[in-house]
Amino acid sequence: MRDDLPAVPDPALLDVRADGARDALEALVADTHREAFDWLFDRALARPMHPEAYPASRAQFFGPSDTPSPAPRRGAPATDVLRVFRERVAPMTFNAHHPAAFSYFTPPPVAMSVAGETLAQWLQQGVDVWHAGPVGAFVEEEVTRWLADLVGMPARAWGVLTSGGVMANLMGLAVAREVHLRAVLQLDGPPRGRDLDGARVYASDQTHFSVSRGLDVLGFSPETLHVVASDERFRLRAEPIAAAIAADRAAGCTPFAISAVAGSTNTGSVDDIVALASLARREGLWLHIDAAYGGAARLSARDACRVPGLNLADSVTIDPHKWFFQAYDIGALLVRRREDLLATFSRSPEYYASSRPQDEPLNWYEYSIEGTRRFRALKLWMSWQHLGTEGLGGLIEHNDDLASYLAGQLRAADDFELACEPELSVVCFRHVPAAIADRAQPDIDRYQAALQRALEVDGSAWVSVTTLRGAMYLRAGIVNPNATRAEIDLLLGALRRLSERVVEDLDHG
Ligand SMILES: Cc1ncc(COP(=O)(O)O)c(C=O)c1O
């Protein structure tokens, strides 16, 4: 063993040239996968969510101190570390693989995505300056081209992978500010400080929080986001936006962008994008579409029509770690013109000088807020090759069909209320059994929350809760190829089974 390296457990794992290094690595990988599959088959398939509530979870993880313990001074053998994983981490997970896990938008990743993620981690390509991850640059160029083609953007379009939809929305708004607001205001440089006063961006009350936070981060004042009420199906329509634009112009403000959503977080609603696109064109506004979740419906020849008009956008957020069934993390921003990303993000640090600038290498840091990024593209590129657009699209249809089935069951029942017809694969509903039907709204809300928690403890299925127009609903986000109609029936059966005790607890608690 080398004497210039620290004495650590399993030294062959630290030195790839040590005798037995390959055997040691293979053993670690085999042990790791055994842990992964023990978790998957023994735990994740047993229940969708571990049963403890937050305070008990903390106590379970941190122990009586209830705070993080200090970093270990001395290392421990890999087998011990894996044992700690088994004891402290594996029992406390949300289990997206469970067939009755109807999550926020956490899909079980397809196997090839995990394989790609594993290879990406070993390859350690820094997808930043071209030399730090040469092939990573090309795979990202190819897979973002596939995404741009999927939403119907032109050849000039360009995409960049992000940590998720929050980052993609922030970057999309940054491009809108740097390129479009600058043009609207006819400035010589990027808008800053007082230039941002009076700027207006339009979005619905169903917009993801990252749009308002993005505008904050970009230096806009809180009034910049003009929130317009969505319609009875939670969709943003063009008419109220047109009225808002006219009022704002009359008040001396500068409308410059519409931020629409194709597949909202709450209900999966899809804004009236085609009408919003014509309005944006007429009014000279940038159109950003947050299709973080819903964009995946383009994978299905049958269901693509549920998210029309993405091709009309100036920028689109699309998140493969939602409905493309990808391992975390991978989001994407697509823009209609490649040069807009460069105009917004390109810088020229001297340490990234190229020995052959005439080659014009593709440096991804020039297209993103982020610098060094993981080789995110590989898992999506490999999954897409493995399943094809048709295979991925078939999974979308399967989820959409389950959502329709669930909606049908709810509509037919006396004791359930469907919030609205699902446009994609999110279904929001309430359980209102006879025992609480006459109660006041706050009681019915408390009952939904208590029922959700009872289901979590029960462990047969999992849904979240959300608030729609001030009332509490159960929310099933069906992004799960493992689910079948049997799990939908099981979900409704479990809610009914748990109901009586939950009502009793409400009355006595
Ligand atoms: C419509 C929409 N946009 C953006 C996001 C943010 O995505 P992420 O949390 O992956 O950054 C979400 C997350 O659920 C979403 O539903």
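Start at 1 and go down the list; that is how both ligands and their atoms are numbered.
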Item to complete: Could you label the plane-to-plane angle of the W364 and W158 rings as parallel, tilted or perpendicular, counting under 30° as parallel and over 60° as perpendicular?
Response: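 It falls in the parallel class, under 30°.
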
Starting from the N and O atoms of ligand 1, find every protein N or O within less than 3.5 Å and list the pair with its distance.
from     : atom 1 : to   : atom 2 : distance (Å)
ligand 1 : 3 (N)  : D290 : OD1    : 3.1
ligand 1 : 3 (N)  : D290 : OD2    : 2.6
ligand 1 : 7 (O)  : G165 : N      : 3.3
ligand 1 : 7 (O)  : D319 : OD2    : 3.4
ligand 1 : 7 (O)  : K322 : NZ     : 2.9
ligand 1 : 10 (O) : G165 : N      : 3.3
ligand 1 : 10 (O) : D319 : OD2    : 3.1
ligand 1 : 10 (O) : H321 : NE2    : 2.7
ligand 1 : 10 (O) : K322 : NZ     : 2.9
ligand 1 : 11 (O) : G165 : N      : 3.0
ligand 1 : 11 (O) : V166 : N      : 2.8
ligand 1 : 16 (O) : T265 : OG1    : 2.8

Item to complete: Please identify each residue that fulfils salt bridge (Lys or Arg N to Asp or Glu O under 4.0 Å) with R156, with sequence neighbours left out.
Response: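 Result, salt bridge (Lys or Arg N to Asp or Glu O under 4.0 Å) vs R156: E339.
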
Worksheet item: Without hydrogens or angle criteria, can the side chains of Y473 and D445 be said to hold a donor-acceptor pair below 3.5 Å?
Response: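 Absent: no donor and acceptor within the cut-off.
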
Worksheet item: With S212, which of L225, V201, N169, T224 fulfils side chain to side chain contact (heavy atoms under 4.5 Å, CB included)?
Response: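 Filter result, single survivor: L225.
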
Worksheet entry | Test: D231 and R237 ion pair at under 4.0 Å |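 So D231 pairs with R237 through a salt bridge.
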
Worksheet item: Less than 4.5 Å apart, any side-chain heavy atom of L402 and any of S425?
Response: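 A side-chain contact is absent here, since even the closest heavy-atom pair is not under 4.5 Å.
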
